[in-house]
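What you see below is based on every heavy atom in this structure, not just the backbone, and it leaves out hydrogens, waters and symmetry mates.
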Amino acid sequence: MLAVVFRSAVTKYKGLQLPSQTVARAMSSLGGATPPYTTLAISRPTESITHVELHRPEKRNAMNSAFWSEMVTCFNELSEDAQCRVVVVSGAGKLFTAGIDLMDMMNSVLQPEGDDTARISWGIKKKIKKLQETFSVIEKCPKPVVVAIHGACVGAGVDMITACDIRLCTQDAWFQVKEVDIGLAADVGTLQRLPKVIGSQSLVNELALTARKMYADEAKSSGLVSRVFADKEAMMAGALEIAGEIAGRSPVAVQGTKINLIYARNHSVADGLDYIATWNMSMLQTEDLMKSAQAALEKKSPKTKTYSKL
């Protein structure tokens with residue numbers, strides 16, 4: 001399905017060596033959501049980079065019921081797409097996302113079905129687990145995901161970006177763990193992933209318990225984002241540059257690195273070492289290793305070599 005969506009974009013860019021700023025503008029130039037999606041605009045600015053844009057600008061990219069299922073479909077397809085090596089995620093319009101669309105989601109969340117407490121609770125848990133998968137699928141995707149945040153990133157937006165691999169933002173960006181303000185504990189990833197991203201439990205506690213805003217400079221100093229850009233255009237160019245560097249490396253090495261980083265985060269050092277040993281006992285037998293070594297001996301970038309799809 002995604003192959004059909006991408007065909008025109010690949011034809012447009014294939015063989016062209018476009019400046020980063022030009023491609024960055026192209027990444028954000030789609031007129032609307034890309035069928036079959038209603039909340040996402042999908043494009044391929046280069047042959048191996050996929051751009052997934054949250055595309056409900058008139059609703060501040062609020063996450064309605066369609067979004068929660070469309071993200072799962074999109075990232076499951078990207079996981080299996082051998083052409084795609086890196087994903088860039090951004091938001092259309094004036095801000096990244098206002099978080100959950102409360103008006104759209106209110107009936108399913110506040111009016112659960114069931115005959116008694118046990119059945120109502122069972123149904124609510126199933127819904128929560130389904131919502132959690134919307135962002136877990138980003139983490140499960142073996143392709144690195146670079147997220148570019150401008151303006152506001154509120155509530156479920158924080159849940160989403162903590163599942164991404166590289167986070168960039170603009171100078172005007174701000175972040176807010178909003179859930180306590182609407183009477184609930186964040187339940188789709190923030191409370192589980194943010195402590196591992198920032199590394200300061202005290203700061204995580206403060207943000208989650210007070211719902212105060214964190215601005216770009218603090219986000220950078222705390223480790224929530226790795227780079228801050230002057231504006232969205234510069235950030236998109238930077239995101240594309242990073243994605244291009246990743247896409248130019250061996251997909252065996254890149255995807256293996258992401259998978260092992262996530263495994264190591266959730267396991268002991270000893271477990272992580274054993275896992276990578278088991279992983280590389282087969283992955284070291286790739287032709288990519290010889291190609292990369294040759295590039296190093298020639299004092300060239302790995303990007304000068306052609307790696308097979310994975």
Given the rule in the side chain to side chain donor-acceptor pair (under 3.5 Å) test, do S65 and D104 qualify, once you have shown the distances and angles that lead to the verdict?
CA-CA 7 Å; S65 55; D104 181 82; 3.1 Å; yes

After noting the C-alpha distance and the side-chain angles of I120 and D116, does the key distance pass the side-chain contact (heavy atoms from CB on, under 4.5 Å) rule?
CA-CA 6 Å; I120 292 172; D116 57 23; 6.0 Å; no

Could you walk me through whether F175 and L207 satisfy the side-chain contact (heavy atoms from CB on, under 4.5 Å) test, starting with their C-alpha distance in whole Å, then the side-chain angles of each, then the deciding distance to 0.1 Å, before giving a yes or no?
CA-CA 9 Å; F175 307 82; L207 295 171; over 6 Å; no

Is there a side-chain contact (heavy atoms from CB on, under 4.5 Å) between V52 and V88 once you walk through the steps?
CA-CA 6 Å; V52 178; V88 174; over 6 Å; no

Are S79 and N76 close enough, and set up right, to give a side chain to side chain donor-acceptor pair (under 3.5 Å), and what steps lead you there?
CA-CA 5 Å; S79 293; N76 279 337; 5.1 Å; no

Could you go step by step and tell me if D181 and K178 meet the side-chain contact (heavy atoms from CB on, under 4.5 Å) rule?
CA-CA 6 Å; D181 277 356; K178 184 70 172 174; 3.2 Å; yes

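Hydrophobic cluster membership differs between L102 and V154, with clusters built from Ile, Leu, Val, Met, Phe, Trp and Tyr side chains linked at under 4.5 angstrom. Connection of V177 to I182 is established within a shared hydrophobic cluster, with ILVMFWY side chains joined at heavy-atom distances below 4.5 Å, either directly or through further cluster members. Note: the hydrophobic cluster containing V146 does not contain I259 (ILVMFWY, side chain heavy atoms under 4.5 Å, direct or indirect links). No chain of hydrophobic side-chain contacts below 4.5 Å, direct or via other Ile, Leu, Val, Met, Phe, Trp or Tyr residues, connects I276 to V269. M160 and L95 fall into different hydrophobic clusters, where Ile, Leu, Val, Met, Phe, Trp and Tyr are joined by side-chain heavy atoms under 4.5 Å apart, directly or via other members.
A salt bridge is absent between E58 and K94; no separation between the charged side-chain nitrogens and carboxylate oxygens falls under 4.0 Å. A salt bridge does not link K129 with E133: every distance from a Lys NZ or Arg NE/NH1/NH2 to an Asp or Glu carboxylate oxygen is 4.0 Å or more. Looking at K291 and D288, no side-chain N of the basic residue comes within less than 4.0 Å of a carboxylate O on the acidic one, giving no salt bridge. Between K220 and D217 there is no salt bridge, since no side-chain nitrogen of the basic residue lies less than 4.0 Å from a carboxylate oxygen of the acidic one. Ionic pairing of R212 and E218 is present here: one or more N-O contacts between side-chain nitrogen and carboxylate oxygen are shorter than 4.0 angstrom.
Ring centroids of F135 and W68 are separated by less than 6.0 Å, placing the two rings close together.
Listed here is the closest heavy atom pair of T210 and E206: OG1-O, 2.6 Å. Contact record, M283 with V252: SD-CG1, 3.9 Å, taken as the closest heavy-atom pair. Summarising the geometry of V180 relative to A208, their closest heavy-atom pair is CG1-O, 3.2 Å, with the distance given to 0.1 Å. Nearest heavy atoms, G244 versus I49: N-CD1, 3.7 Å. Residues V145 and D165 come closest through the heavy atom pair N-OD2, 2.7 Å. A pairwise comparison of heavy atoms in N61 and A92 identifies ND2-O, 2.7 Å as the closest pair.
Ring pair Y263/Y275 is parallel by interplanar angle, where below 30° counts as parallel and above 60° as perpendicular.
The number of heavy atoms from other shown groups lying within 6.0 Å of NZ (K258) is above 12. Atom CZ of R60 has 12 or fewer heavy atoms from other residues, nucleotides or ligands within 6.0 Å. Atom CH2 of W279 has more than 12 heavy atoms from other residues, nucleotides or ligands within 6.0 Å.
A distance-only check finds no donor-acceptor pair linking the side chain of E53 to the backbone of S90 [under 3.5 Å]. In terms of modelled atom types and a separation under 3.5 Å, the side chain of S301 and the main chain of T304 share no donor-acceptor contact. For N260 (side chain) and G256 (main-chain N/O), a donor-acceptor pair under 3.5 Å exists by modelled atom type. With Q132 contributing its side chain and D187 its backbone, the two residues share a donor-acceptor pair below 3.5 Å. A donor-acceptor contact shorter than 3.5 Å links the side chain of H150 to the backbone of G93. K232 contributes no side-chain N or O that, together with a main-chain N or O of A148, makes up a donor-acceptor pair within less than 3.5 Å. Remark: side-chain polar atoms of S268 are paired, donor with acceptor, to backbone N or O of D271 under 3.5 angstrom.
Within the 4.5 Å cutoff, no side-chain heavy atoms of C153 are placed close to those of W174. Proximity of R227 to R167: side-chain heavy atoms (C-beta onward) are nowhere separated by under 4.5 Å. Between V147 and L168 there is no side-chain heavy-atom pair separated by less than 4.5 Å. The shortest distance between side-chain heavy atoms of M236 and E241 does not fall below 4.5 Å. Inter-residue side-chain proximity for T73 and Y37 is flagged as met; some heavy-atom pair is nearer than 4.5 Å. Here the side chains of I262 and E139 are in contact, with some heavy-atom distance below 4.5 Å. By the 4.5 Å heavy-atom criterion applied to side chains, T162 and Q192 are not counted as neighbours. Here the side chains of K143 and I246 are not in contact, with every heavy-atom distance at 4.5 Å or above.
For the side chain to side chain contact (heavy atoms under 4.5 Å, CB included) criterion with P195, the lone passing option out of N205, T190, V204 is V204.
For the residue pair R56 / T39, no side-chain donor-acceptor distance below 3.5 Å is found, with atom types taken as modelled. Remark: the Y307 side chain and the S292 side chain contain an N/O donor-acceptor pair separated by less than 3.5 Å. Judged purely by distance below 3.5 Å, without hydrogens or angles, the side chains of Q83 and K309 pair a donor atom with an acceptor atom. For the residue pair T46 and R85, no side-chain donor N or O sits within less than 3.5 Å of a side-chain acceptor on the partner.
With values rounded to the nearest 0.5 angstrom, M63 atom CE is found 10.5 Å from D101 atom CG. Considering OG1 of T170 and CD of E233, their distance stands at 13.0 Å, rounded to 0.5 Å. A distance of 9.0 Å separates SG of C169 from CZ of F229, quoted to the nearest 0.5 Å. Going from atom CG of L297 over to atom CE of M290 covers 8.5 Å, rounded to the nearest 0.5 Å. Distance check: S250 OG to L310 CG gives 8.0 Å after rounding to the nearest 0.5 Å. Within the model, atoms CG of N64 and OG1 of T38 stand 6.0 Å from one another, a figure rounded to the nearest 0.5 Å.
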